[in-house]
Trainee: 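Let me give you the structure first, and then I'll get to my questions.
So you know, we letter chains A, B, ... as the sequences are listed, proteins then strands, and number each from 1.
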Protein chains: 2
Amino acid sequence: MEARIEKIKQSLQSKGYKLTPQREATVRVLLENEEDHLSAEDVFMLVKDKAPEIGLATVYRTLELLSELHVVEKMNFGDGVARYDLRSESNHHHHHHLICVQCGAVDEIMEDWLTPLEERLEREYQFKVLDHRLDFQGICHRCKDKALPPEAE
Amino acid sequence: MEARIEKIKQSLQSKGYKLTPQREATVRVLLENEEDHLSAEDVFMLVKDKAPEIGLATVYRTLELLSELHVVEKMNFGDGVARYDLRSESNHHHHHHLICVQCGAVDEIMEDWLTPLEERLEREYQFKVLDHRLDFQGICHRCKDKALPPEAE
DNA sequence: CTGTCTGCAAAGACTTTGCACCACG
DNA sequence: CGTGGTGCAAAGTCTTTGCAGACAG
């Protein structure tokens, strides 16, 4: 964890930015909640525990900055809030999301299933793929286990 | 086209809603721009040509309504605006997007490449897939043709 | 000092809601 | 006349920006 912070610090410094206490607290929150997809507000509330004086604007600015540095990825699941995901170490960041329409949970699958498709896209559509995103909406295993009675939407 | 409007009219009526002139104008705009992914504002401006007295709120309400009826799909490409897509006739709406990071164009591919993956998800992750979404970010063929000089981001 | 970074509050962008009025059965 | 629908304006939500002060080199 310290090593990852150190690395992020270097990313920042290489572009002339500093790892201020607020930024460090924000990064720590992201590291500690790597599995989740936190909104800015989520991050803000968690950071407040570490650095109560921080302002929401700083969190937004930090997330924006980390996003530019490709340390985090800003994403959008259609609920009207931006969510932020720490990018994995690997050069490609190909994880996919399982979004449960019942409980709202977002799980990740780390497998990369799309390489053959990307090759096909470049060949058949002349589209140079830089990144992709694959989300599935459905019912997660937890909700399936709960075996809720079927109900009309 | 008239046939599709008629169908949508029936969808509305089956739930007790009416196809008012404003709604019809909105639907027509969507039909005429099926290839694009219009934002509410886009739709509003186009509808104004047909029905100048319409209000933006009505467009939002109509799009929301059509969304509930699964006539359109509300989506989000991460630029902070909701975009609306007419759903295709087929029961599954599996199109994928090619989003150009250079010019912002969004093209569609209608092929459905994911059925095997969905089966695997259900088997291995116990996740019941209801829908999915697959977007690729990259450089579209038009921008590639322009052969812009490579530049560091 | 010089430039970056911060908190706060104000402004902004997009969307939703409240309300009085309209239209149609 | 009752229900849904509308336009307008106001309110809401999420995010960005302006600004004066803090802080580090």
Trainee: So which nucleotide from D:dT16, C:dT15, C:dC5 ends up closest to the side chain of A:Tyr60?
Mentor: D:dT16
Trainee: Output the single nucleotide from C:dT15, C:dC5, D:dG7 whose closest atom is nearest the side chain of B:Leu56.
Mentor: C:dT15
Trainee: Would you call the rings of A:His97 and A:His37 parallel, tilted or perpendicular, where under 30° means parallel and over 60° means perpendicular?
Mentor: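 Taking A:His37 first and then A:His97, their aromatic rings stand perpendicular (interplane angle over 60°).
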Trainee: Take the protein atom CG of B:Asn76 and the nucleotide atom C1' of D:dC14, then report the distance between them rounded to whole Å.
Mentor: 12 Å
Trainee: Check this one for me: any side-chain N or O of A:Thr20 less than 4.0 Å away from OP1 or OP2 of D:dC23?
Mentor: no
Trainee: May I have the distance from A:Leu63 (atom CG) to D:dT15 (atom P), rounded to whole angstrom?
Mentor: 10 Å
Trainee: Would you kindly compare B:Lys18 and B:Ala82 by the position of their nearest DNA chain C nucleotide and give the one closer to the 5′ end?
Mentor: B:Ala82
Trainee: Of the listed nucleotides (C:dC5, C:dT17, D:dT17), which one gets closest to any side-chain atom of A:Ala57?
Mentor: D:dT17
Trainee: Taking the side chain of B:Val81 as heavy atoms from C-beta outward, which of D:dT15, D:dG7, C:dC14 is closest to it?
Mentor: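 Nearest listed nucleotide: C:dC14.
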Trainee: Answer whether the closest heavy-atom distance between the side chains of B:Ile54 and B:Lys48 falls below 4.5 Å.
Mentor: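 In contact.
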Trainee: For a quick test of reading the model: is some side-chain N or O of B:Arg23 closer than 4.0 Å to OP1 or OP2 of D:dG4?
Mentor: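 No.
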Trainee: Parallel, tilted or perpendicular, judged at 30° and 60°: which one describes the rings of B:His132 and B:His96?
Mentor: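 Ring orientation, 0 to 90° scale: tilted.
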Trainee: Quickly work out the B:Ile54 CD1 to D:dG5 P distance and round it to whole Å.
Mentor: 13 Å
Trainee: Confirm from the modelled atom types if B:Arg61 and D:dG7 form a donor-acceptor pair under 3.5 Å, side chain to base only.
Mentor: yes
